Undergrad: 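Got a structure for you, questions after.
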Amino acid sequence: MKALVWHGPEKIRCEQVPDPKIEEPRDAIVKVTSCAICGSDLHLYDGYMPGMMNGDVMGHECMGEVVEVGAAARGALKVGDRVVVPFTIICGECDQCRRGNYSVCERSNRNKSMADKVFGHATAGLFGYTHLTGGYAGGQAEYIRVPFADKTHIKVPKSLPDDQLLFLSDILPTGWQAAVQCDIQPTDTVAIWGCGPVGQMAIRSAILLGAKEVIAIDCIPERLSMAKAGGAITINFEEESTVERLNELTQGKGPEKCIDAVGLEAHATATLDSMYDKAKQSVMVETDRPHVLREMMYVCRPAGVLSIPGVYGGLLDKIPFGAYMNKGLTMRTGQTHVNRWTDDLLRRIEEGQIDPSFVITHTVRLEDGPEMYRVFRDKEDGCVKVVMRPDGVGNGASRGATA
Ligand SMILES: NC(=O)c1ccc[n+]([C@@H]2O[C@H](COP(=O)([O-])OP(=O)(O)OC[C@H]3O[C@@H](n4cnc5c(N)ncnc54)[C@H](O)[C@@H]3O)[C@@H](O)[C@H]2O)c1
Ligand SMILES: [Zn+2]
Ligand SMILES: [Zn+2]
């Protein structure tokens, strides 16, 4: 089959690889009709996340049709079912899964001892996302093997197009969880750093959850326009100071809730802290660039909440923990517990409350994937979200530049 394969930083190629097979009784094989590139994939493309190996198949946002089911998954799935594949692989039975803490499933990460060493405790297996999270082949491919498939799936109706359902795999529940973790009150100002796909979903979610106002921060004009269309007030951090403007908009008090939808590759205009990060990262003595995290700790209203869906990889320098502690802030983080949210979100899509397809700017073939990684990373051609159709058709209405 065809798949997008990682061969090192900025080296992703569309190649022939062996078709996946059922390996365990709870596996299923899904024929992928649509898949997408995530901002988290960019951390692998840019080489900032440890644990990738030459030949790994990329991708953790995909959906399609079940074509084969292992004996132990047959009660839950059958050939022909249409499913979205959640990016977190879940056993459904361990202590954490039973509590709905799916992204820290205790059994789905088959490289547990490696992850135990790096993070203290292993987290769930993830598709296409480093050997620290199990080294499972991803879904930017014609087919994907889904382990623990009796639990690791979201069944979706045939009546809606792929484009409306695909993002149940990751960015929609991720933006939603980021907003839910803020415990939004009707009097709250929610500030959201990053207007990429995750930021866009967080903006819509915060508004649906009843925030008084949402302020979105980025420097890419078309992403800021999309944020504005979703109901946010916008700040272009290249044109004005994020901290000053946020204080101005909140009468000097700061936003009650702050969401980091940027993560470890934050850009900044030439501030002292960002030059420090760049210099340290370039000689590999700092793994991440936590500029946004510092800004959030500094500007958040005392007793406020920081919610962090943005991915971090390792050790972060110069964190203003004094501000964080003395202001009595709360931090909520994590990879998304996808299946905790998807029944509710699917219902909201079916009822027309949310249509996450608004972020799609490019619909292309799998063969165009390697070039689209670069276009998405460099934010060229107005690119916000790339969807690929491994079968050349999908079931959704195609739109965008290269469809
Ligand atoms: N927690 C999870 O489960 C989960 C799931 C999906 C994605 N993520 C993470 O969420 C983050 C965002 O993902 P995405 O797909 O939207 O990626 P993206 O790269 O498209 O978006 C990031 C955006 O942040 C903006 N940005 C950079 N520096 C900034 C700054 N200083 N202030 C404000 N904005 C700034 C960029 O211009 C860009 O638009 C990534 O770190 C990704 O790994 C986490
Ligand atoms: Zn993702
Ligand atoms: Zn589990």
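Atoms within each ligand, like the ligands themselves, are counted from 1 in listed order. Note that this is a predicted model, so its numbers are computed, not measured.
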Undergrad: Please note down the angle at the Zn ion (ligand 3) between SG of Cys97 and SG of Cys105, to the nearest 10°.
TA: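 The two atoms form an angle at the metal of about 100°.
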Undergrad: Under 2.8 Å from the Zn ion (ligand 2) - does any N, O or S atom of Asp41 fall there?
TA: no
Undergrad: Is there a nitrogen or oxygen of Cys195 sitting under 3.5 Å from a nitrogen or oxygen of ligand 1?
TA: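 For ligand 1, there is no N or O atom that lies under 3.5 Å from one belonging to Cys195.
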Undergrad: Are any of the heavy atoms in Gly310 under 4.0 Å away from ligand 1?
TA: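 It does; at least one heavy atom falls under 4.0 Å.
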Undergrad: Does ligand 1 have an atom that lies less than 4.0 angstrom from a heavy atom of Lys385?
TA: no
Undergrad: Quick one: does ligand 1 sit under 4.0 Å from the side chain of Ala261, the backbone, both or neither, non-hydrogen atoms only?
TA: backbone
Undergrad: Given that the side chain starts at C-beta and the backbone is N, CA, C, O, which of these parts of Lys379 lies under 4.0 Å from ligand 1, counting heavy atoms, or is it both or neither?
TA: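 Looking at Lys379 and ligand 1, just side chain atoms fall under 4.0 Å.
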Undergrad: Could you work out, for atom 3 (O) of ligand 1, the closest of Leu264, Val359, Thr336, Leu44 by heavy-atom distance?
TA: Thr336
Undergrad: Using the benzene-type ring in the case of Trp, are the ring centres of Tyr129 and His60 under 6.0 Å apart?
TA: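 That pair passes the under 6.0 Å test.
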Undergrad: Look at atom 29 (C) of ligand 1 and find which of Phe237, Tyr48, Tyr129, Tyr312 reaches it with the closest heavy atom.
TA: Phe237
Undergrad: As a check for students: among Ile220, Asp260, Ile171, Val262, identify the option with a heavy atom nearest to atom 41 (O) of ligand 1.
TA: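 Closest candidate by heavy-atom distance is Val262.
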Undergrad: Are the side chain of Ser108 and the backbone of Gly125 linked by a donor-acceptor contact shorter than 3.5 Å?
TA: yes
